Trainee: 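One structure, as C-alpha cells, below. Some questions next.
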Amino acid sequence: MSTKNQALIFEISRPGRVGHSLPDLDIPEQDLSSLLPDEYVRAQEPELPEVSELQIMRHYTALSNRNHGVDSGFYPLGSCTMKYNPKINEDVARIDGLANVHPYQPVAQVQGSLELLHNLQTSLAEITGMDEVTLQPAAGAHGEWTGLMMIRAYHEARGDSKRTKVIVPDSAHGTNPASATVAGFQSVTVRTDEHGLVDLEHLREVVSDETAALMLTNPNTLGLFESYIVEMASIIHKAGGKLYYDGANSNAILGIARPGDMGFDVVHLNLHKTFTGPHGGGGPGSGPVGVKKDLIEFLPKPILVKTASGYDFDYNRPKSIGRVKPYYGNYGINVRAYTYIRTMGPEGLRQVSEFAVLNANYMMRRLAPHYDLPYTQHCQHEFVLSGKRQKKLGVRTLDIAKRLLDFGYHPPTIYFPLNVEECMMIEPTETESKETLDEFIDAMIQIAKEAEENPEIVQEAPHHTVIGRLDETLAARKPVLRYEKAE
Ligand SMILES: *Cc1c(COP(=O)(O)O)cnc(C)c1O
C-alpha cells in the first residue's frame, strides 16, 4: 500500500494533454447542437481532466492498489462470508458460449445455458432440501422480499388475509425486518435468550393467528445453531404461519443440515457469499429462492422447466407473484456458483462447512482469554466477541477495528448483531490457512494488550494507512460527492 497521498486526476491535468490518438476527420464536421433541442445543449464544455495514457494508467493502478480485497488480505467480515473466489469460476464464466449468449436469443439456441441453469436450480434444491428453486432474485434482500411475497400470496389464496405479521429475532440481519416491511407486513421482534438462541417462551407469546411467517437465520448471526428449530417450526406451523430461512450465509450447513429438513418452507441463498460469487462493490449478486411444494405455484414466472423436447420457460403460471427481475437472474454469477458446486462436489461442499466451523472455533477459543465471549458454547461458521472489557479502559470496538487496519486486516463486522454490547462478529471462512488465522489472532491479542498498556495507540488508530481516522458520521450525513476545484 502506497502511503504517498495521491493527487486527484484533475490536479495532474495539463491543458491540451491527451491520452488518445485518433485518425484525422475525413468527413465534414457536424454541429451536433443543431440536432438537439436547446434545453439539452450545454452552455459550456465540461471541464475534463487532460492527461496522457501512462498518467491515467498509473493513477488508477495506484488507486486500485489501495483496495483491500480477499485476494489481497484477510477479511473476517462476519455474516458476509468473504471467502476466496476460485479463479476457475472466472475461466468458466469467460467461455465464449457462456459469456456471449443474449437473453433475447430463442431458447432453441441456448439449450446449453438453460441446462446449466436448470442443473444449478436442481443442485440448490437438493442442498437446501426444497422442492423448487427460482434463480431470478438478484441479491439476498431481493430473495427475502420474493419469498415473503410468495408467503403473502399463499395466505391470500386461502382467504387468510389477516396474517399481517412477520416475526423476526432481535439478532436478525437488518434486511429481514426491512424486507418484511417492504412486502407489506408488520415486523414483530422476538428476543434472544441468555444462551444466544431464540427465546421460545417469548416466541409462544408473540405468535398468533395474525402470524404470516417467522424469518430465521440458522445458525443465527451469533454463529449459534438454533437447536430448538424443530419445536419452533411446530409452534409456527400450528399457528398457520410459514417458516422463512435466511440462508444468505449457509457456510456452516453445506452437506450437513438442510433447511427443508428443519421444517422451513422458503429459503434464500446468497450465491455471492456461500457459493463464491465475487462479492462487494454493489454486486451483481444472486439470491435464489427455494420453496416447498405448497408454494411452488406462487414462484416468480417464467419458470425454467425441462420438457420432453428440451429446456424451456413456462409462463403459464396464473398464481405466480410475477416477474421479479428482468431476464432470468444474474446469469454470470449463476455460472460461477454452478462451477463452484461442480468443482467441489458433495464431499467438497461438506468439507467447506467442516473447515469453516473448525476455523471459527479455533479462533474463538484462542481469543476467548483476551476478549469477552458472550456465548461460550461451540460456534458454527462465525462467532461474536464483546469489547466490554476494553471499553472500561476507554477503548471502544470501533477503535479496535481501526487498529486492525494498521496490521493490514479488514476489520470484522462491528456493532452487529445489535443485542451484543460492543460487538465484534468474526467469520474466518474455510479458505484461510492456520498461519493466517494465527497471525490475525496475534494482532488481536496485541491490540488487547495495547488497550491495557497504551490505549492512545488504539484510540488514535489507524496510523499506517493512507488516510487516518475519518469522521464517519460527518461523511455519512454530509457527503461531498463532487470535485470542487481549489481556487
Ligand atoms: C448478507 C446477508 C443478507 C443480505 O444479502 P444481500 O445480498 O446483501 O442483500 C441477509 N441476511 C444475512 C444473514 C446476510 O448475511
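As the structure is a prediction and not an experimental result, all values here were calculated from the model. Remember, it's 1-based here, ligands and their atoms both numbered in the order they're listed.
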Trainee: Do Glu427 and Asn249 get their side chains close enough for a donor-acceptor pair, meaning under 3.5 Å?
Mentor: yes
Trainee: Honestly, is Lys242 close enough over Tyr154, meaning NZ or CZ under 6.0 Å from the six-membered ring centre and within 45° of the axis?
Mentor: yes
Trainee: Of all the atoms in ligand 1, which lie at a distance below 4.0 Å from a heavy atom belonging to His272?
Mentor: 7 (O)
Trainee: Check this for me, if you would: do Glu472 and Arg477 make a salt bridge, where the nitrogen-to-carboxylate-oxygen distance has to be below 4.0 angstrom?
Mentor: no
Trainee: Minimum heavy-atom separation for Thr413 to Gly78, with atom names?
Mentor: OG1-O, 2.7 Å
Trainee: So do the side chains of Pro86 and Thr276 get within less than 4.5 Å of each other, counting heavy atoms only?
Mentor: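 Side chain of Pro86 against side chain of Thr276, heavy atoms only: contact under 4.5 Å found.
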Trainee: Heavy atoms only: which of Lys273, His268, Glu144 is nearest to atom 14 (C) of ligand 1?
Mentor: Lys273
Trainee: Heavy atom under 4.0 Å from ligand 1: found in Ala141's side chain, backbone, both, or neither?
Mentor: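 Near ligand 1, Ala141 shows its backbone as well as its side chain.
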Trainee: Flag Ala248 as yes when one of its N or O atoms lies below 3.5 Å from any N or O atom of ligand 1, and as no otherwise.
Mentor: no
Trainee: Is any N or O atom of Thr217, backbone or side chain, closer than 3.5 Å to an N or O atom of ligand 1?
Mentor: no
Trainee: Protein heavy atoms near atom 6 (P) of ligand 1, is at least one of them under 4.0 angstrom away?
Mentor: yes
Trainee: For atom 15 (O) of ligand 1, what's the nearest protein heavy-atom neighbour? Residue, atom name and distance, please.
Mentor: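 Answer, as residue, atom name and distance: Ser79 OG, 2.5 Å.
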Trainee: Going by atom types only, do Asp438 and Tyr362 share a side-chain donor-acceptor pair under 3.5 Å?
Mentor: yes
Trainee: Which atoms from ligand 1 have a heavy atom of Ala139 less than 4.0 Å away?
Mentor: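 Atoms satisfying the 4.0 Å criterion: 7 (O), 9 (O).
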Trainee: Give the single entry among Leu271, Asp246, Asn220 that approaches atom 13 (C) of ligand 1 most closely by any heavy atom.
Mentor: Asp246
Trainee: Between Arg163 and Asp160, does any NZ, NE, NH1 or NH2 come within less than 4.0 Å of an OD or OE carboxylate oxygen?
Mentor: yes
